[in-house]
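The structure appears below as structure tokens.
Position 1 is the first residue of the sequence, and the numbers go up from there.
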Amino acid sequence: MITFSLSGPLGTMTVEPLDVTSYAGHLHAWITHPRSVYWGMPDADLDAVRREYERIDADPHHHAWLGRLDGEPLFLAETYEPAHSELATHYPVRPGDVGMHVLVAPPAGGQRHGLTSAVMRTVLAFIFADPAHLRVVVEPDVRNEAIAAKNAEAGFVVEGLIPLPDKQARLSFCTRAAFAASPLGGAPGAGVAAGDPAAGPPAAGKDRSASSMTPPAHLDPATIAVAHRHLVAKAIAEFSHERLIQPRPDGSVPAAADGGSYLLTTAERIHYRFRARRYALDHWLIDPATVTREVDGAPAPPDALDLIIELQETLGIPPKLLGTYLEEISATLAGAAWKHHHRRERAADLVHADFQTIESAMTEGHPLFVANNGRIGFGLTDHAAYAPEAGAPVRLVWLAVRRDLSTFTAGRGVDEQAHYLAELGADTLHRFADRLRDLGLDPHAYRYLPVHPWQWEHKVGITFAADVAARAIVPVGTSPDRYRAQQSIRTFFNIDAPHRHYVKTALSIQNMGFMRGLSPAYMRATPPINDWVADLVAADDTLRDCGFEVLRELASVGYTGDAYHRSGAPVSAYQRMLAALWRESPVPRIAPGQRLATMASLLHRDRDGAHLATAMIAASGLTATDWLTRYLRAYLRPLLHCLLGYDLAFMPHGENLILVLQDHVPVRVFMKDIGEEVVALHDRPLPAAVERIRMSVDDEFRVLAIFTDVFDGFLRFLAAILDADGVLPAGEFWRLVADCVRTHGADHPQLRDRLDFFAPTFRHSCLNRLQLRNTLQMVDLTDQAGSLIYAGTQDNPLATVAVPTR
């Protein structure tokens with residue numbers, strides 16, 4: 001029953017209601033073809049496809065159509081009412097809106113030039129043949145660049161990006177007039193709709209494909225101004241903290257309850273004024289709304305890029321690296337603008353949110369680093385598809401790599417084949433093996449390596465082209481499970497099967513002072529290191545009593561058969577492109593009624609200025625004193641014990657810990673990222689496989705594992721938040737920290753005097769100085785202690801806390 005027809009240079013295309021029974025086989029072949037990956041059903045069997053389209057057939061608000069070319073089945077189209085779809089919550093639906101999906105059959109005899117354009121023209125002409133249809137709505141996956149170009153050719157304009165359950169989507173619209181004026185709408189052809197013999201092709205018009213390009217929704221003047229203002233405030237605060245600059249009191253403006261007034265002069269003629277509160281540890285809490293800038297006496301908007309240029313010599317940025325650092329600042333600005341535009345969760349709502357909602361809602365980035373969101377290598381589409389704040393589901397790319405050219409290292413209790421079976425399932429493993437057999441390859445000669453989709457597209461398929469061509473590396477498909485990028489950007493959490501492991505992948509982008517690759521050689525030692533640390537933690541009564549646990553990195557895989565490894569050259573970014581590891585998920589370890597949240601969330605501030613930590617304390621029903629005491633017992637006490645009892649130090653910043661919450665109170669923590677960031681600060685014997693983590697240092701350095709990484713790296717920010725919000729005075733905050741240290745000492749008198757956590761001062765280690773010195777590689781990983789930069793000493797906030805009387 002032909003409903004619509006349109007003649008053109010390729011022949012006559014027709015549209016008719018889909019007969020599911022007759023054409024289920026066609027649909028299955030089209031939908032599961034590798035070219036149809038964005039249709040979201042790559043592994044569906046015939047019955048699953050049939051059931052899906054029977055469901056659509058029964059839905060009065062959703063319709064499926066079969067398209068033919070000269071009688072041969074060629075394409076599938078769907079139309080739906082946006083008001084009755086998941087789009088209804090993402091934009092104000094108008095009368096006359098109609099949603100559209102289009103799938104063209106995979107080419108059977110080679111590409112036919114103009115075919116996809118002809119199909120798109122036919123479907124839009126069919127939709128607009130109904131006078132009630134005024135605007136077509138589409139929501140393609142942001143990664144689908146081909147359909148984005150085709151939509152632009154048809155007159156669609158991108159409204160913005162929206163998160164949908166299975167993708168990050170470009171919400172786009174095409175009006176009747178826009179289609180008529182587009183290259184496709186003005187193409188030759190005569191369309192006839194059943195019941196409307198007068199309907200014809202849209203009027204011809206000029207090519208407006210270029211004008212359909214619009215700036216990304218988050219890159220507008222008002223939003224980027226907010227991002228500039230916040231980043232300027234943070235830059236002044238952290239550069240002042242590291243004593244690179246010295247704002248002075250501004251006598252021209254009186255002090256107020258929300259802080260004193262300060263003046264910073266740059267380039268002799270540029271003045272910044274702002275209001276700030278100052279706290280222990282040289283911490284500046286600057287109100288971004290108060291930041292003003294004058295250039296030669298005239299008001300000028302705060303500009304983070306200009307601030308860096310003005311301060312280049314003061315900051316000590318090498319001239320040859322200035323562009324790189326400015327690019328990281330630009331990317332940080334763009335990321336902040338994206339978050340401000342798209343992430344609208346309120347702190348009060350996040351109190352009740354699930355683990356991954358909290359993970360993706362974080363807006364502040366790493367608290368110490370100014371350029372903390374570089375991600376050099378990501379484009380706009382990549383950011384929308386893979387950035388943690390976008391929260392888009394991701395299916396990992398899986399490669400089969402030759403066993404004799406790769407390594408798999410298993411931790412205790414892990415068997416390689418059982419591991420793959422548990423992570424992928426039997427059906428997927430059979431599918432991967434079948435793809436190898438189709439190429440005449442023996443599946444037993446290969447193992448599987450998960451790869452970030454960006455890495456496959458931009459690095460592996462090009463940088464390892466010879467290995468792919470030689471079938472040493474074989475792409476075998478995407479993961480059946482969907483993952484979500486974590487704050488660390490290259491680590492993924494399984495959202496379809498949360499009990500399965502995290503996957504950490506190599507990602508050759510520049511971010512926060514490092515290329516984010518993974519070395520196969522380095523990964524080989526990771527599972528044994530994790531086993532050793534996990535055993536130590538599990539055997540200690542104090543750590544068990546605190547509920548402190550590590551999430552083991554229990555298996556790693558890496559490819560070493562490439563020319564970059566064969567060359568024998570020193571380890572470089574090229575030898576860090578193809579490796580991955582699996583880390584335990586915390587989900588199976590929590591009790592009913594408990595929830596998870598990244599510890600970074602305690603510093604989160606929503607777009608209205610409300611802090612999640614403050615909202616969490618309010619929701620708990622506890623006093624701030626009780627809440628903080630429990631938090632410190634879960635977080636600080638285990639770190640003290642590991643350092644004093646075992647000379648073992650972690651990197652305990654917000655992204656490396658996961659809080660276990662019960663009634664909005666942290667009751668214990670999981671430590672992660674063990675293999676790369678744990679150190680044994682002693683000269684005692686270690687197992688050979690663990691020797692890599694040894695760092696021989698003196699006590700003056702050893703105490704920095706608490707002073708720098710905990711007090712300066714995290715607690716100073718939390719103390720300022722709670723004080724400024726009127727929740728807990730900063731002096732009381734540090735008194736509770738001192739109580740935690742003293743309580744541990746009283747419980748373990750044999751350890752109490754090993755290190756002095758009440759010393760008047762400690763060395764001031766500066767992380768931004770490291771990045772400013774070399775934004776390509778902040779530290780030498782083989783000599784991390786020797787790479788550090790100090791700016792004198794800091795006053796210890798615990799030294800001024802009086803010892804309680806007994």
Side-chain angles (χ1 to χ4, degrees), residues 230 233-245 247 259-260 262 276-288 362 364-370 372 599-605 611-614 617 624-625 627-629 631-632 635-636 639-640 649-657 666 703-741 757-770 788-801:
H230 278 267
K234 179 171 184 174
I236 294 174
E238 289 306 304
F239 293 155
S240 299
H241 170 73
E242 297 193 7
R243 301 171 186 169
L244 288 160
I245 57 176
Y262 292 89
R277 302 186 193 205
R278 299 187 64 179
Y279 293 96
L281 297 173
D282 293 320
H283 183 74
W284 294 68
L285 186 63
I286 298 176
D287 181 358
M362 297 300 93
E364 293 300 317
H366 199 297
L368 289 89
F369 288 97
V370 176
N372 62 21
M599 196 176 81
S601 65
L602 296 184
L603 307 184
H604 172 68
R605 169 180 171 150
H611 290 102
L612 181 54
T614 296
I617 292 171
T625 297
W627 189 96
L628 186 64
T629 298
Y631 162 66
L632 292 172
Y635 169 54
L636 177 57
L639 298 177
L640 288 168
F650 301 91
M651 186 60 70
H653 59 67
E655 293 177 9
N656 272 357
L657 284 108
V703 295
L704 296 184
I706 298 297
F707 284 146
T708 297
D709 297 335
V710 179
F711 290 6
D712 194 55
F714 194 82
L715 292 185
R716 72 175 165 99
F717 295 94
L718 185 59
I721 286 170
L722 299 184
D723 182 276
D725 284 358
V727 175
L728 187 70
E732 177 68 3
F733 181 100
W734 290 110
R735 184 189 69 78
L736 294 172
V737 174
D739 285 351
C740 181
V741 176
F757 294 112
F758 293 90
T761 62
F762 60 90
R763 299 178 75 181
H764 185 7
S765 179
C766 301
L767 296 186
N768 278 288
R769 286 177 181 252
L770 294 175
L788 299 181
I789 298 176
Y790 300 98
T793 61
Q794 294 200 81
D795 291 336
N796 180 6
L798 270 56
T800 59
V801 176

With the side chain counted from C-beta on, respond yes when [X] and [Y] share a heavy-atom pair under 4.5 Å apart, and no when they do not.
X: V727; Y: T614; value: yes
X: L657; Y: P652; value: yes
X: V801; Y: F758; value: no
X: T629; Y: D739; value: no
X: W284; Y: K234; value: no
X: L640; Y: F757; value: yes
X: L715; Y: F733; value: yes

For residues [X] and [Y], report the shortest heavy-atom separation together with the two atoms involved.
X: I286; Y: I236; result: CD1-CG2, 3.7 Å
X: P729; Y: D723; result: CA-OD2, 3.4 Å
X: Y279; Y: A730; result: CD2-CB, 3.8 Å
X: A799; Y: A759; result: CB-O, 3.6 Å
X: A649; Y: A705; result: CB-CB, 3.7 Å
X: A613; Y: L722; result: CB-CD2, 4.3 Å

Any donor-acceptor pair under 3.5 Å linking the side chain of [X] with the backbone of [Y]?
X: T800; Y: P797; answer: yes
X: Y635; Y: P666; answer: no
X: N768; Y: L368; answer: yes
X: D709; Y: I706; answer: no
X: E242; Y: R769; answer: yes

[X] side, atom [atom1]; [Y] side, atom [atom2] - distance, nearest 0.5 Å:
X: I789; Y: R763; atom1: CD1; atom2: CZ; value: 12.0 Å
X: L770; Y: S765; atom1: CG; atom2: OG; value: 6.5 Å
X: L628; Y: L718; atom1: CG; atom2: CG; value: 6.5 Å
X: Y631; Y: C740; atom1: OH; atom2: SG; value: 10.5 Å
X: L736; Y: L728; atom1: CG; atom2: CG; value: 6.0 Å
X: H653; Y: L767; atom1: NE2; atom2: CG; value: 9.5 Å

Verdict with reasoning, Y790 to L704, per side chain to side chain contact (heavy atoms under 4.5 Å, CB included): CA-CA 12 Å; Y790 300 98; L704 296 184; 3.9 Å; yes

Residues L281, F711; criterion side chain to side chain contact (heavy atoms under 4.5 Å, CB included); working and verdict: CA-CA 8 Å; L281 297 173; F711 290 6; 4.1 Å; yes

Test ring pair (Phe, Tyr, Trp, His ring centres under 6.0 Å) applied to F717 and H366, H283, H604, the passing residue: H283

Ring geometry between F762 and F707 (parallel below 30°, tilted from 30 to 60°, perpendicular above 60°):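 Geometry flag for F762 against F707: parallel rings.
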
Salt-bridge present (R243, E238; N to O < 4.0 Å):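 Salt bridge absent between R243 and E238.
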
Residues M599, N656; criterion side chain to side chain contact (heavy atoms under 4.5 Å, CB included); working and verdict: CA-CA 8 Å; M599 196 176 81; N656 272 357; over 6 Å; no

Evaluation steps, side chain to side chain contact (heavy atoms under 4.5 Å, CB included), between F239 and V370: CA-CA 9 Å; F239 293 155; V370 176; 3.7 Å; yes

D712 versus H241, side-chain donor and acceptor atoms under 3.5 Å: yes

Flag for H611-D725: side-chain donor and acceptor within less than 3.5 Å: yes

